[in-house]
Amino acid sequence: MSCSGPVSELPSLSAALDALRRNEVSSEELVSELLRTIECWNPTLNAYVYVNSEEALACAREADARRRAGDPAPWVGVPIGIKDNICVRGQPCTCGSKILKSYRSPYDATVSRRLREAGAVFVGRLNLDEFAMGSSTETSAWGPARNPWDVDRVAGGSSGGSAAAVAAGMAVAALGSDTGGSIRQPAAFCGCVGLKPSYGRVSRYGLVAYASSLDQIGPLTRTVRDAALLLSVLAGRDPMDSTSLDVPVPDYIAAVDQAPDDLRGRCIGLPREYFAEGIEPDVAQAVKAAVADMARLGADVVEVSLPHTHYAVAAYYLIATAEASANLARFDGVRYGLRVPSEDVLEQYERTRAEGFGQEVKRRIILGTYALSAGYYDAYYLRAQKVRTLIRRDFERAFQQCDLLLTPVAPTTAFRIGERISDPLTMYLGDIFTVPANLAGICAISIPAGLDSRGLPVGLQLMAPALEEARLLQVAHVVEQTRPRLPRPPLASRASGGSPA
Ligand code: GLN
């Protein structure tokens, strides 16, 4: 297969499901077109770190046969891209790290199993920051993913590969993981939809743990309806993850399909602290325009306060690094992946970890170990946990005054590759609007608001109380209809491959 001829626009997940059901397209055709697009754009965008073309085509043919034989499973033959920290049996799972370079998963994550049972085809593994630690996909050992709207800019992170692939038409839909914004921020930077479900809504079994009390798997898609479709397959109790909740899963697709045309009766809160200094004017303007449209549709818009927002980044980077330092202890050169052998076992641990982990991962292990050490535990980790409780209470109070919150996703649009990577603090501060939802365990979605004056996508974030994904998706769908439809990104709209402009 080579990159020639025009790259046609890939259907959305909803459209792909419909076309397959009506036999207007076969899974083999769909997957072939997808692979051709990957062939054209992936050398530039570096969104996929592994593509299993032959296996995916074989699965697609098998799916077509199953469909012809009357298999009623809804997703038979639908290609899905998976972030490279979510296990798919027999496929690599490198987590963007040299330490897992030659590792292959012996089992499916629960989300992969659910998708497989629904009939999905796994086309490849999507790039990410190493162990999902980052906001730009620049900490990946396999090089940064690039933004299809401007290939000199980051795709965001850590699910940058997932977002770039969906935006460039190299995936119908993808899975990402969100510990502090890793689904929502890259979705915003690349102009797609990203949903972080409430903590416990989706099983984490088979997601390589970064910070277990914050991690959630969720969809990156072209539309809100597509996110609802994916969530309906992913959500639900799993005995393999004790933190997954045993509560009914609402009909998310119905919530979107039965959405009213307006927002009458909905109260939308604007948290004062999210509109303070440091936001790019174009980002503030995009949020304001959305607020005006929502008010026009009958929403009641009120100002609310989340007074502890200011402490969220500090609390997050203490808790996340503390948990990471414990979770990453398992990569010792004995059980998984890379081993740098030595006669002495301690030296073997040290050499393996020194060689296998990148700089950002090492920084976080050191920070987290320090925060948990006997002399500093009370001053850092314990205090951060107390702040986490205050942040959760802020949201509880705010949701007594409104149904949903509307905020920017990030203070800026996509920044240039290299611009922040040597300044971790600046990088961390960019997570200010996304980490609070993880600390509080609530659900949040990022949807495209429009383009800034440089032609880069701007995201809007909606947040709802824990387990209120149906409400979140319904309102997000209504708001989505009011936003200008984004054109195809400049890269993907060009006739065929070649070097980036
Ligand atoms: N940017 C945040 C971090 O580096 C969030 C990452 C994530 O959600 N996985 O920790």
Quick check on side chain to side chain donor-acceptor pair (under 3.5 Å): which of Ser177, Ser97, Ser182 does Asn85 satisfy it with?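 The option that passes is Ser177.
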Could you walk me through whether Val479 and Met294 satisfy the side chain to side chain contact (heavy atoms under 4.5 Å, CB included) test, starting with their C-alpha distance in whole Å, then the side-chain angles of each, then the deciding distance to 0.1 Å, before giving a yes or no? CA-CA 7 Å; Val479 178; Met294 290 166 82; 3.7 Å; yes
Enclosure of [X] [atom1] (heavy-atom neighbours >12, cutoff 6.0 Å):
| X | atom1 | result |
| --- | --- | --- |
| Gln481 | CD | yes |
| Lys362 | NZ | yes |
| Arg383 | CZ | no |
| Tyr380 | OH | no |
| Tyr311 | OH | no |
| Tyr376 | OH | no |

Side chain proximity check, [X] to [Y], heavy atoms < 4.5 angstrom:
| X | Y | value |
| --- | --- | --- |
| Leu231 | Pro197 | yes |
| Leu195 | Leu472 | yes |
| Glu280 | Pro408 | no |
| Pro148 | Trp41 | no |
| Val193 | Pro448 | yes |
| His477 | Glu480 | yes |
| Arg353 | Ile365 | yes |
| Asn147 | Val154 | no |

Does the pair Glu39/Arg36 count as a salt bridge with the N-to-O cut at 4.0 Å?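 Arg36 and Glu39: not salt-bridged.
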Going by atom types alone, do [X] and [Y] pair a side-chain donor with an acceptor below 3.5 Å?
| X | Y | value |
| --- | --- | --- |
| Asp282 | Thr413 | no |
| Thr139 | Asp129 | yes |
| Glu273 | Ser305 | yes |
| Asp431 | Ser135 | yes |
| Gln461 | Thr407 | yes |
| Asp394 | Thr309 | no |
| Arg204 | Thr243 | yes |
| Glu469 | Ser198 | yes |
| Ser342 | Glu347 | yes |

Please check this pair: side chain of [X] against backbone of [Y], looking for a donor-acceptor N/O pair closer than 3.5 Å.
| X | Y | result |
| --- | --- | --- |
| Asp84 | Arg125 | no |
| Ser162 | Leu175 | yes |
| Asp215 | Tyr210 | yes |
| Arg184 | Gly194 | no |
| Asp178 | Ile183 | yes |
| Thr37 | Glu33 | yes |
| Thr352 | Arg339 | no |
| Glu138 | Ile421 | no |
| Thr434 | Gly180 | yes |
| Asn127 | Val49 | no |

Applying side chain to side chain contact (heavy atoms under 4.5 Å, CB included), run through Glu55 and Phe122 and close with a yes or a no. CA-CA 9 Å; Glu55 194 191 324; Phe122 303 119; over 6 Å; no
Take the angle between the ring planes of [X] and [Y] and call it parallel below 30°, perpendicular above 60°, tilted in between.
| X | Y | result |
| --- | --- | --- |
| Tyr336 | Phe331 | tilted |
| Phe433 | Tyr274 | parallel |
| Phe357 | Phe131 | perpendicular |

Apply side-chain hydrogen bond (donor to acceptor under 3.5 Å, both in side chains) to the pair Ser213 and Arg388, showing each step before the final yes or no. CA-CA 11 Å; Ser213 77; Arg388 184 174 188 174; 2.8 Å; yes
Can you name the one residue among Thr110, Leu126, Ile217 that meets side chain to side chain contact (heavy atoms under 4.5 Å, CB included) with Ile86?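 With Ile86 as partner, side chain to side chain contact (heavy atoms under 4.5 Å, CB included) holds for just one option, Ile217.
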Any chance you could lay out the side chain to side chain contact (heavy atoms under 4.5 Å, CB included) test for Val283 and Asp452, step after step, and finish with the verdict? CA-CA 7 Å; Val283 172; Asp452 73 1; over 6 Å; no
Side chain to side chain contact (heavy atoms under 4.5 Å, CB included) between Val233 and Leu115, worked out: CA-CA 7 Å; Val233 176; Leu115 284 168; 3.9 Å; yes
